[in-house]
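Owing to the predicted nature of the structure, the values given are computational and were not obtained by experimental measurement. One-based numbering, in listed order, for ligands and for the atoms of each.
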Amino acid sequence: MLRGGPSSTGGDNKGPFLAPDVAVVGAGPVGLAIAWRCAARGLRVVVHDPAPGSGAAYVAAGMLAPVAEAYFGEHELTALLTASAARWPAFAAELADASGADLGYRADGTLLVGLTADDLAEARRLWAYQQGLGLPVAALRPSELREREPALAPRVRGGALAATDHQVDPRRLVPALRTAAERAGVTLVAGAVRSLSDVAADVTVVAAGCGAAALTGLPVRPVKGQVLRLRAPGGAAPGFRHVIRGYADGEHVYLVPRADGEVVVGATVEERTDTTVSAGAVLRLLRAAVDLVPELSEYDLVETLAGLRPGTPDNAPILGPLPGRPDVLAAAGHHRHGIVLTPITADLITDLIVTGEPGPLLAPFTPDRFGPGTPGAPGAAGGRVSGGTTTKEERWN
Ligand SMILES: Cc1cc2nc3c(=O)[nH]c(=O)nc-3n(C[C@H](O)[C@H](O)[C@H](O)COP(=O)(O)OP(=O)(O)OC[C@H]3O[C@@H](n4cnc5c(N)ncnc54)[C@H](O)[C@@H]3O)c2cc1C
């Protein structure tokens with residue numbers, strides 16, 4: 001930690017060949033946001049990545065959904081998601097200003113819907129849990145639902161509004177973060193880091209998504225997600241403005257409309273490491289999407305893609321110093337939530353670097369929570385941990 005404060009290594013030594021204060025491994029949203037925040041605090045920062053923005057964020061839908069993503073038994077994660085989502089409006093405004101870019105940030109809210117009576121019963125079970133946590137989920141009558149979103153199929157039995165669940169376009173977010181970081185003085189180095197011993201800096205932050213496991217031994221594993229991108233015909237905006245998350249005949253699907261005409265349809269959740277797209281997944285996603293919003297059958301199918309989420313055994317990110325390595329900080333394992341968690345991760349890690357003091361919000365997420373000899377835990381030393389608590393039945397993105 002830079003307990004001496006910014007430029008404790010440098011002072012007047014601003015020459016180009018000095019080790020930086022902070023080296024960040026990974027130029028996804030998490031690494032770039034940390035780099036931007038650290039540079040704004042006066043630190044010299046270098047980011048290493050062979051292909052910035054090419055990780056999970058390139059595939060991600062960009063839902064900022066702490067409410068819809070509040071699942072049974074994940075209280076601490078829900079609290080972190082909620083705290084980070086609350087920072088998003090100011091973060092988006094500041095980043096748009098610093099980069100001059102449009103992030104595609106939208107605050108139209110999220111509709112949670114059930115197609116059949118069984119789907120609705122399933123959805124209501126989760127809403128009851130979320131409401132029990134005090135989260136804003138407001139049940140809507142079918143007429144209210146259709147008033148809000150006339151594009152919904154008449155068959156949709158019912159739904160609810162999560163007004164505070166917003167969205168951003170990750171393909172706009174990452175370049176904007178890169179621009180803001182570079183304008184703040186961050187240097188990007190094009191190249192993969194093979195070993196942390198190759199990195200010279202006072203503090204190294206490992207923000208390499210799925211690549212964090214090989215560098216640190218932490219239990220981060222790839223969780224495959226297939227998504228589709230549709231486009232409204234004739235350059236029009238989609239015929240609906242809310243994010244729609246639904247159960248359709250037992251299939252989970254989400255639809256994320258962008259102002260530029262794109263609709264992201266997602267996603268599978270698979271314990272696999274390949275990135276092939278399967279015909280069956282495309283079929284199921286499209287069928288569920290069209291069941292909920294019939295006009296989507298007229299849209300262009302412009303992209304099918306699979307990405308790898310950086311999953312962890314408890315679905316929560318890993319934030320803080322590696323056991324016995326106070327100079328190496330993990331900012332990894334953001335799984336389904338790396339976009340929504342970008343602002344709070346950047347703030348918490350930057351504060352830790354600058355002050356040397358871990359903020360109280362970090363405590364549940366530090367690497368040592370996986371037990372003795374954390375790298376490789378809980379499966380033992382040195383390797384990835386397979387499996388986890390994610391199941392297709394429970395998860396949407
Ligand atoms: C289908 C799908 C849908 C998703 N939807 C959402 C959503 O709606 N909302 C949400 O919040 N999250 C969502 N996510 C999750 C989100 O994309 C990730 O949590 C997030 O991208 C993690 O950010 P990151 O910067 O840690 O990692 P990444 O985005 O994966 O970036 C990691 C970067 O590190 C680099 N790297 C890797 N290894 C090395 C190395 N050895 N040296 C140098 N650089 C390296 C890579 O090139 C890459 O640029 C989704 C993910 C998927 C796959």
Are the charged groups of Glu144 and Arg148 less than 4.0 angstrom apart, N to O?
-> no
Would Glu94 and Arg87 pass as an ion pair if we require N to O under 4.0 Å?
-> no
Say whether Val25, considering both its backbone and side-chain N or O atoms, lies within less than 3.5 Å of an N or O atom on ligand 1.
-> no
Can you sort out which atoms of ligand 1 are near Pro50, meaning under 4.0 Å from one of its heavy atoms?
-> 43 (C), 44 (N)
Ligand 1 atoms in contact with Tyr254 (distance to a heavy atom under 4.0 Å) = 3 (C)
Are Arg171 and Tyr58 in a cation-pi setup, meaning NZ or CZ lies under 6.0 angstrom from the ring centre and within 45 degrees of the ring axis?
-> yes
Backbone or side chain, does any N or O of His335 fall under 3.5 Å from an N or O of ligand 1?
-> yes
Enumerated ligand 1 atoms positioned under 4.0 Å from heavy atoms of Arg309 | 1 (C), 51 (C), 52 (C), 53 (C)
Basic-acidic side-chain contact under 4.0 Å: Arg41, Asp351 | yes
Which ligand 1 atoms, with their elements, are less than 4.0 angstrom from a heavy-atom of Ala56?
-> 17 (O), 18 (C), 21 (O), 28 (P), 29 (O), 30 (O)
Minimum heavy-atom distance Val263-Phe240, with the two atoms named = CG1-CZ, 3.9 Å
Closest to atom 13 (C) of ligand 1 by heavy-atom distance, out of Gln226, His48, Glu69, Arg336, is Arg336
Which of the atoms of ligand 1 are close to Val227, meaning less than 4.0 Å from one of its heavy atoms?
-> 1 (C)
For ligand 1, is any non-hydrogen atom under 4.0 Å from Ile339's backbone (N, CA, C, O), its side chain (CB onward), both, or neither?
-> both
What atoms of ligand 1 come within less than 4.0 Å of a heavy atom belonging to Ala57?
-> 17 (O), 21 (O), 29 (O)
Decide whether an N or O pair under 3.5 Å exists between Val340 and ligand 1.
-> yes
Within the 4.0 Å heavy-atom cut-off, what Leu215 brings close to ligand 1 is side chain
Below 3.5 angstrom, do we get any N/O pair linking Gly307 and ligand 1?
-> no
For His334, counting its heavy atoms only, list the atoms of ligand 1 lying under 4.0 Å from any of them.
-> 19 (O)
Can an N or O of Gly211 be found at a distance shorter than 3.5 Å from an N or O of ligand 1?
-> no
Considering only NZ, NE, NH1 and NH2 on the basic side and carboxylate oxygens on the acidic side, decide whether Arg287 and Glu251 come within less than 4.0 Å.
-> no
Tyr129 vs Phe72 aromatic rings, parallel, tilted or perpendicular, using cut-offs 30° and 60°?
-> tilted
At a non-hydrogen distance cut-off of under 4.0 Å, which region of Ala51 contacts ligand 1 (side chain, backbone, both, or neither)?
-> backbone
In plain terms, say whether Asp314 and Arg369 are close enough for a salt bridge, that is, a side-chain N and a carboxylate O under 4.0 Å apart.
-> yes
Which ligand 1 atoms does Gly26 reach within 4.0 Å, using its non-hydrogen atoms?
-> 34 (O), 35 (C), 44 (N)
So is Val30 polar-close to ligand 1, meaning N/O to N/O under 3.5 Å?
-> yes
Supply the atom-to-atom distance Leu329 CG to Thr216 OG1, rounded to the nearest 0.5 angstrom.
-> 12.0 Å
Which atom of His242 lies closest to which atom of Thr110, heavy atoms considered | CD2-N, 4.4 Å
Pick whichever of Ala190, Gly225, Ala208 has a heavy atom sitting closest to atom 37 (C) of ligand 1.
-> Ala208
Heavy-atom distance to atom 31 (O) of ligand 1: which of Ala207, Gly333, Gly28 wins?
-> Gly28
Distance only, no hydrogens: is a donor on one side chain within 3.5 Å (strictly under) of an acceptor on the other, for Thr116 and Asp118?
-> no
For ligand 1, is there an N or O atom under 3.5 Å from any N or O atom of Gly62?
-> yes
Closest contact, heavy atoms only, Val47 versus Ala27 = CG1-CB, 3.8 Å
So does Asp260 pair up with Arg172, basic N to acidic O under 4.0 Å?
-> yes
Closest to atom 22 (C) of ligand 1 among Ser84, Ala331, Gly338 (heavy-atom distance) = Gly338
